[in-house]
Amino acid sequence: MERLQKIIANNGYTSRRKAEELIKMGKVKVNGKVILELGTKVNKEDTIEIEGNVLKINEKKVYYLLNKPRGVISSVTDPENRKTVVSLIDTDERIYPIGRLDYDTTGLILLTNDGELANLLMHPKNEVEKKYIAKIEGVLSPSEFYGLKKGIVIEGRKVIPTHLKVKKEIENSSIVEICILEGRNHIVKKIFESLGHPVEKLKRESYAFLTLGNLKSGEYRELSLKEVKKLYSLK
Ligand code: URA
């Protein structure tokens, strides 16, 4: 027996907080009856319906690390019928990406059906270090480089890179390695855009202790139990 909001969050429908809101709004039914009580205990045999959708209880948790190609959307479905990261993985489980990479960004993305881990890693308080390689237009001046190293305000909030290095300067572009802890949408592009050096190409090389290893574009692997445990310990 588990609390209703926990079962909803753990099975990937939404976060626990949002699940509580849905319950309070009368949008959750257990075995056909609307439940308004937050602490209600349910078990796996009960039928849970949220906003008319029957919650699928995951029996088996799966975890994948994908090297996302360019031109693939980081979601489960796409109204415009573009290829999704989920469609690249051969599984019957209802998986979804942990966070997102832009359509034109390549590199490391995790997918799972474990709502508890996904919610934990995506929580704004959970600072997971991500490493990106950006090809930017032009060359960073020393003041731009050191200014960025100290931190840059993007949409009212400061981002301080945990690592910044110019790897190469070629003609009118540069290859820059940058590590950041936060996960706001398009954050790397916004950082360089604000300095007047738009990102031409972006790749995520690592997520916490996980790296792409020798996975080629479009290839993926399952995480080991040890890796999953380590991700849980990041909180
Ligand atoms: N920052 C971006 O600008 N794009 C991504 O895909 C990821 C981080």
Side-chain angles (χ1 to χ4, degrees), residues 64-80 82-89 95-112 117-140 144-145 147-168 173-213 215-220 231 234:
Y64 297 97
L65 187 165
L66 168 72
N67 185 352
K68 176 191 171 297
R70 195 183 314 278
V72 176
I73 187 158
S74 296
S75 64
V76 179
T77 53
D78 180 44
E80 291 173 43
R82 289 173 295 183
K83 206 183 251 187
T84 68
V85 282
V86 166
S87 72
L88 298 177
I89 311 251
I95 56 167
Y96 43 86
I98 300 182
R100 53 178 60 230
L101 288 179
D102 294 334
Y103 187 65
D104 57 354
T105 299
T106 60
L108 198 160
I109 189 158
L110 298 177
L111 298 104
T112 186
L117 182 68
N119 289 324
L120 194 127
L121 292 173
M122 287 194 286
H123 195 282
K125 272 200 196 138
N126 203 345
E127 299 190 322
V128 179
E129 188 178 67
K130 288 143 268 215
K131 187 205 267 182
Y132 295 91
I133 305 287
K135 182 178 183 208
I136 59 166
E137 208 179 285
V139 171
L140 291 172
E144 287 166 345
F145 179 85
L148 171 55
K149 227 177 148 77
K150 274 203 227 139
I152 187 167
V153 177
I154 302 290
E155 288 160 4
R157 247 188 26 236
K158 199 166 192 173
V159 192
I160 306 174
T162 45
H163 166 83
L164 182 68
K165 188 175 182 180
V166 176
K167 302 279 282 181
K168 229 192 227 174
S173 58
S174 317
I175 307 289
V176 183
E177 201 173 75
I178 183 168
C179 293
I180 50 172
L181 299 176
E182 66 154 279
R184 274 185 281 169
N185 283 345
H186 318 303
I187 191 67
V188 177
K189 288 179 185 165
K190 284 177 181 165
I191 291 172
F192 290 106
E193 182 80 48
S194 77
L195 294 169
H197 299 281
V199 169
E200 292 175 344
K201 267 186 178 177
L202 188 62
K203 180 179 190 180
R204 182 153 73 188
E205 287 225 321
S206 68
Y207 183 96
F209 56 89
L210 296 165
T211 61
L212 285 170
L215 286 180
K216 296 194 185 76
S217 175
E219 288 185 345
Y220 62 91
L231 285 175
L234 291 177

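Just so you know, ligand 1 is whichever comes first in the structure, and atom 1 is the first atom listed for that ligand. Side chains are part of it too, since the values below use all heavy atoms of this structure and drop only hydrogens, waters and symmetry mates.
Residue Y132 places no N or O, backbone or side chain, under 3.5 Å from any N or O of ligand 1. Ligand 1 has no N or O atom lying under 3.5 Å from any N or O atom of R100, backbone or side chain. Ligand 1 has no nitrogen or oxygen under 3.5 angstrom from a nitrogen or oxygen of L101. At least one N or O atom of T105, backbone or side chain, sits closer than 3.5 Å to an N or O atom of ligand 1.
For ligand 1, the atoms sitting less than 4.0 Å from at least one non-hydrogen atom of L202 are 1 (N), 2 (C), 3 (O), 4 (N), 5 (C), numbered in the order shown with element in parentheses. Residue K189 has at least one heavy-atom neighbour below 4.0 Å for each of these atoms of ligand 1: 2 (C), 3 (O).
Looking at K68, its side chain does come within 3.5 Å of a backbone N or O of D102 through a donor-acceptor pair. The main-chain N or O of Y103 is never found under 3.5 Å from a side-chain atom of R82 such that the two would form a donor-acceptor pair.
With sequence neighbours excluded, no residue forms a ring-ring contact (aromatic ring centres under 6.0 Å, His included) with F192.
Annotation: atom 4 (N) of ligand 1 to nearest protein heavy atom, D102 OD2, 2.8 Å. With hydrogens left out, the protein atom closest to atom 1 (N) of ligand 1 is V188 N, 3.1 Å, a heavy atom.
Pairs engaging residues 191-200 under the side chain to side chain donor-acceptor pair (under 3.5 Å) rule: E144-H197 [sequence neighbours left out].
Here the closest heavy-atom approach between residue S74 and residue I109 is recorded as OG-CD1, 3.6 Å.
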Are L110 and L231 close enough, and set up right, to give a side-chain contact (heavy atoms from CB on, under 4.5 Å), and what steps lead you there?
-> CA-CA 11 Å; L110 298 177; L231 285 175; 4.1 Å; yes
